[in-house]
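Single-structure report; data block below.
Throughout, a chain's letter reflects where its sequence line sits, starting with A, and its residues are numbered from 1. Note that the coordinates shown come from a computational prediction; the quantities given were computed from them, not determined experimentally.
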2 protein chains.
Amino acid sequence: MSKRSDSWLRLTHVVASIEADLSKTLQRKHGLGLSDYRALHRLSLSPDLELRMQELAAHLGLNQSSVSRMVERLERSGFTVRDLCPNDKRGVYTVLTDKGRTCLESAQPDYEAALAASLKDHGCEDLLSAAFIKAE
Amino acid sequence: MSKRSDSWLRLTHVVASIEADLSKTLQRKHGLGLSDYRALHRLSLSPDLELRMQELAAHLGLNQSSVSRMVERLERSGFTVRDLCPNDKRGVYTVLTDKGRTCLESAQPDYEAALAASLKDHGCEDLLSAAFIKAE
DNA sequence: CCAGTCATTGCATGGGCATACATATGCACA
DNA sequence: TGTGCATATGTATGCCCATGCAATGACTGG
């Protein structure tokens, strides 16, 4: 009955479907999960190519423990290294490696392309502009 | 750089956050998962309060196997019962029980309220209307 | 009899919550 | 001033859950 929850359902389906597309593309072409890709991306935007776990978690919208394990994955793949924070011995920096940067750069075009294609596939080419008309 | 992927990221974060809110509300107040709630809802819309696994999967945007296990959960809680399809012995109907209908009816107002509140919290009160301006 | 369809099941994965542990910080009190 | 304790913060780990994929088994229809 509620128009609102009905629209919400549609929106979530579309978003989930597109996210799945992106995830599969990244996995297939680069062996990278969606969160992993986004983590690399975030790191690449950071001045020193490094972020603390919490910052990463906040940026990605993930739980702190999930990030801890994600970083473990990234580190196993050689895309990042952990670096102890000198000032605060509790803190841990995750630093993007050259390999990580290279991987990101190779994945980025595929990600962008897949996003554009998937949006189009779902007839949502103007969803993003519509969604953020008034955002800031 | 890409404005598109940037907006997409924002959108996914908002959606994920709201979905998490909804999920927690349902879990806390009714012991129901988000997919479970939506399954009950779909079933309630069906003429005979029943759907086959595949139909349910399609409606929910979930994998067939996920639905199979979800129905297992619902059945354990007494919200649905399985019913063999007479014409096609491969098929299985999932039928909403009275208990299931009751549970859904009690959860529905909370779901709607939580959705409205969460949308508001995220400053997305007009996201839905914006998103579907041109949809049909 | 064979190809396609439906549901279930084994397995792997990513995520969250609660907890543990190390460190930091602030505060009370002598 | 300094010491010690309580509390807060940062990360890692154990556990559980929902989901997807692939394989299986039952059945259908040509």
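Between A:Arg38 and A:Glu19 there is a salt bridge, with a side-chain nitrogen of the basic residue lying less than 4.0 Å from a carboxylate oxygen of the acidic one. Look at A:Asp98 and A:Arg101 and you find a salt bridge, because one of the NZ, NE, NH1 or NH2 atoms lies within 4.0 Å of a carboxylate O, short of that distance.
Here D:dT9 presents its C1' atom at 14 Å from CD of A:Glu55, a figure rounded to the nearest Å. Between the CG atom of A:Asp21 and the C1' atom of D:dG20 there is a distance of 14 Å, given to the nearest Å. When rounded to the nearest whole Å, the span between OH of B:Tyr37 and P of D:dA18 equals 18 Å. For the pair A:Glu72 CD and C:dG14 C1', the interatomic distance rounds to 13 Å; values are reported in whole Å. To the nearest angstrom, P of D:dC27 lies 17 Å from CD of B:Gln54. One atom, CG of B:Asp88, and another, P of C:dC6, lie 8 Å apart when rounded to the nearest Å. Between the P atom of C:dG14 and the CD atom of A:Glu19 lies a distance of 15 Å, rounded to the nearest Å. In this structure, the CG atom of A:Leu60 is 13 Å from the C1' atom of C:dG15, given to the nearest Å.
Mapping A:Asn63 and A:Lys89 onto DNA chain C by nearest heavy atom places A:Asn63 at the nucleotide closer to the 5' end. Heavy-atom distances to DNA chain D give each of A:Arg52 and A:Arg69 a nearest nucleotide, and the one nearer the 5′ end belongs to A:Arg52. Taking the nucleotide of DNA chain C with the nearest heavy atom to each of A:Met70 and B:Val71, the more 5' of the two is matched to B:Val71.
Of the side-chain N and O atoms in B:Arg28, none sit less than 4.0 angstrom from OP1 or OP2 of C:dC17. A sub-4.0 Å separation between OP1 or OP2 of D:dT13 and a side-chain N or O of A:Ser65 is absent. Taking side-chain N and O atoms only, A:Ser66 has no distance below 4.0 Å to OP1 or OP2 of C:dG15. A close approach under 4.0 Å does not occur between any side-chain nitrogen or oxygen of B:Arg38 and OP1 or OP2 of D:dA18.
The shortest distance between side-chain heavy atoms of A:Leu74 and A:Leu96 does not fall below 4.5 Å. Counting only heavy atoms from C-beta outward, the side chains of A:Leu51 and A:Tyr93 never approach each other to under 4.5 Å.
Here D:dA12 is the nucleotide among C:dG15, D:dG20, D:dA12 with the atom lying nearest to any side-chain atom of A:Arg82. Nearest nucleotide to the A:Lys24 side chain, out of C:dC17, C:dT9, D:dC21: D:dC21.
Evaluation of atom-type donor-acceptor distances gives a pair under 3.5 Å for the side chain of A:Gln64 against the base of D:dA12. Between the side chain of A:Arg90 and the base of D:dT9, a donor-acceptor pair under 3.5 Å is found.
Scanning both residues, A:Ser118 and A:Asp21, for their nearest heavy atoms gives OG-OD2, 2.6 Å.
At the heavy-atom level, A:Asn87 lies under 4.0 Å from the strands shown only through sugar-phosphate atoms.
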